[in-house]
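Here the structure is laid out as structure tokens; the discussion comes afterwards.
In what follows, chains carry the letters A, B, and so on, assigned in the order in which the sequence lines appear, proteins first and then strands, with residues in each chain numbered from 1.
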Protein chains: 2
Amino acid sequence: MRRASDDLVAEIEVRIASGQFENNKPLPAERDLMDMFGASRTVVREAISTLANRGLVETKPRFRPVVKKPDYGTVLTATSNIIEHLLSEPGGVTDLYRSREFIERSLARHAALHANKDDIADLKSALAANYEAIDDTPRFFQTDMEFHGVLYKIVRNPIFPAIHEGYLSWLSPSWGKMKRAPDHNLVNYHAHKKIYDAILERDPVQAENAMDEHLAVAWEVVKDTLENK
Amino acid sequence: MRRASDDLVAEIEVRIASGQFENNKPLPAERDLMDMFGASRTVVREAISTLANRGLVETKPRFRPVVKKPDYGTVLTATSNIIEHLLSEPGGVTDLYRSREFIERSLARHAALHANKDDIADLKSALAANYEAIDDTPRFFQTDMEFHGVLYKIVRNPIFPAIHEGYLSWLSPSWGKMKRAPDHNLVNYHAHKKIYDAILERDPVQAENAMDEHLAVAWEVVKDTLENK
DNA sequence: ACTATGTTTTGGTCCGACCAAAACACAGGT
DNA sequence: ACCTGTGTTTTGGTCGGACCAAAACATAGT
């Protein structure tokens with residue numbers, strides 16, 4: 001069987017894709033949509049709710065829903081709830097972190113093999129910013145993420161930066177509890193430098209190992225905090 | 001601000017997590033939920049809709065919603081709509097396929113480095129089944145997927161088989177159009193064998209390259225079909 | 001024990017209403 | 001002309017009641 005709201009969802013999706021409902025602009029008012037599609041408000045609201053959970057519109061209570069053309073980032077927001085459930089289960093965070101190790105290890109290897117001049121330059125400046133921030137822990141955290149982010153960019157595939165965003169949003173809550181002293185930052189900086197050097201030397205194995213080591217050390221630091229939880 | 005249905009969603013999620021609403025069993029009737037939580041039917045229905053889109057319950061029109069404890073597979077169903085949107089955009093399928101190449105390349109490398117006896121045995125039997133099916137194209141397709149699936153299993157992380165499922169469900173529609181003659185199957189079988197041999201030899205570079213070549217060839221075959229679309 | 005039939009329950013849809021917050025319009029002061 | 005405060009309208013969120021058709025249940029007949 002078919003629900004009336006499903007038809008409406010489909011029609012609105014078309015209008016979003018065709019640009020009739022412009023991106024980042026509010027959807028027409030519910031009562032206008034009723035007239036527009038000859039549907040009851042119940043159906044209209046149900047359709048909007050579905051679209052919101054699909055990530056095609058963003059709803060803030062009491063505000064007009066805003067049209068959002070989907071990108072790989074929307075996939076994250078749509079999944080974040082489920083992921084949070086999974087992370088709360090035993091081993092959840094571990095699995096996610098291990099997957100990150102797998103990905104970033106491969107990213108380091110890939111960078112060593114395929115990074116071009118611009119990529120290297122980006123890495124270099126990210127590393128420099130990282131160094132500058134050693135005494136400023138919050139900023140170090142920021143530059144730390146950005147250094148890793150450059151690696152996700154090097155594959156030149158929009159899916160990967162989205163994955164990076166995912167790891168950040170799902171893992172950094174657990175991360176926050178980590179003790180972050182300047183001497184600790186220094187350790188991480190050196191790990192980043194080692195990765196950078198290996199990429200510069202075009203040594204994939206070394207890059208991979210350096211990344212692996214870096215992430216393993218970081219894991220040791222947070223591991224205990226997580227298991228308690 | 002806060003919507004009444006959000007509270008309800010949260011409460012129902014708790015009851016699902018705690019097992020009070022059992023997994024794979026139907027949710028109480030809407031009118032019972034009204035009494036249970038002192039909410040109007042509007043709110044109850046909105047909450048159910050949200051839960052459905054989150055993937056925590058499965059709704060079939062006219063049937064009671066069925067509770068589904070989330071796993072990494074749920075993430076796929078929740079995202080499939082958005083992903084389909086993204087795939088319909090220019091370059092969408094290409095990006096997804098490239099990401100698959102990246103992952104599987106790394107999986108092959110990982111297998112060469114870390115596969116244990118059982119893993120090798122699984123690969124071997126998957127390869128054998130693949131060989132048996134060379135003249136039976138639909139079955140070859142099946143065993144083809146399963147061979148790749150073994151690689152996703154070797155990392156021993158539940159996230160990866162889920163990713164594999166994702167690639168299958170999102171890429172195989174485009175795949176179906178591919179011409180699949182027995183001689184073609186033979187080519188793919190040999191590619192699989194090359195990957196297997198490299199893993200057996202514990203040669204990560206060779207495994208990686210073999211996988212890369214295999215996927216590149218497959219891509220060439222479907223590429224044209226996709227660009228027309 | 002099984003099938004056919006009748007009754008109750010339940011999900012899907014619609015309508016009308018009310019509230020409070022947001023959006024808008026307008027008048028007054030600078 | 002520009003900001004500001006105020007009053008009006010619009011709009012999203014919630015509620016209650018109603019109806020239909022399909023599903024679930026119960027009951028009688030074979």
Expressed as a whole number of angstroms, how long is the span from [X]:[atom1] to [N]:[atom2]?
X      : N       : atom1 : atom2 : answer
R62(B) : dA22(D) : CZ    : P     : 7 Å
K60(A) : dA23(C) : NZ    : P     : 8 Å
L27(B) : dA23(D) : CG    : P     : 19 Å
M34(B) : dT14(D) : CE    : C1'   : 12 Å
E46(A) : dG11(C) : CD    : P     : 13 Å
D35(B) : dC15(D) : CG    : P     : 13 Å
I48(B) : dT13(C) : CD1   : P     : 14 Å
D32(A) : dT10(D) : CG    : P     : 11 Å

Check this for me: does any side-chain nitrogen of one of [X] and [Y] sit under 4.0 Å from a carboxylate oxygen of the other?
X       : Y       : answer
R139(A) : E132(A) : no
D118(A) : K124(A) : no
D95(B)  : R100(B) : no

Practice item. Examine distances only and state if a side-chain atom of Y152(B) and a backbone atom of E165(B) form a donor-acceptor pair shorter than 3.5 Å. Key: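 No, because the side chain of Y152(B) does not come within donor-acceptor range (under 3.5 Å) of the backbone of E165(B).
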Exercise for review: For F63(B) and for R64(A), find the nucleotide of DNA chain D with the closest heavy atom, then tell me which residue's nucleotide is more 5'.
Suggested key: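 This one resolves to R64(A).
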When the side chains of residues 21-28 of chain B are checked against the rest of the protein, which donor-acceptor pairs come out under 3.5 Å, sequence neighbours left out?
unit_1: N23(B); atom_1: OD1; unit_2: K69(B); atom_2: N; d: 2.9
unit_1: N24(B); atom_1: OD1; unit_2: K68(B); atom_2: NZ; d: 2.6

Check your understanding: Nearest of dG11(C), dT11(D), dG12(D) to any side-chain atom of R45(A)?
Key ->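 Of the candidates, dG12(D) comes closest.
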Practice item. State which residues pass ring-ring contact (aromatic ring centres under 6.0 Å, His included) with F147(B); sequence neighbours excluded, sorted by chain then number. Key: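 Per chain and number, F147(B) pairs via ring-ring contact (aromatic ring centres under 6.0 Å, His included) with H192(B).
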Nucleotide N/O of nucleotides 16-18 of chain C paired with protein N/O under 3.5 Å:
unit_1: dA17(C); atom_1: N6; unit_2: R41(A); atom_2: NH2; d: 3.4

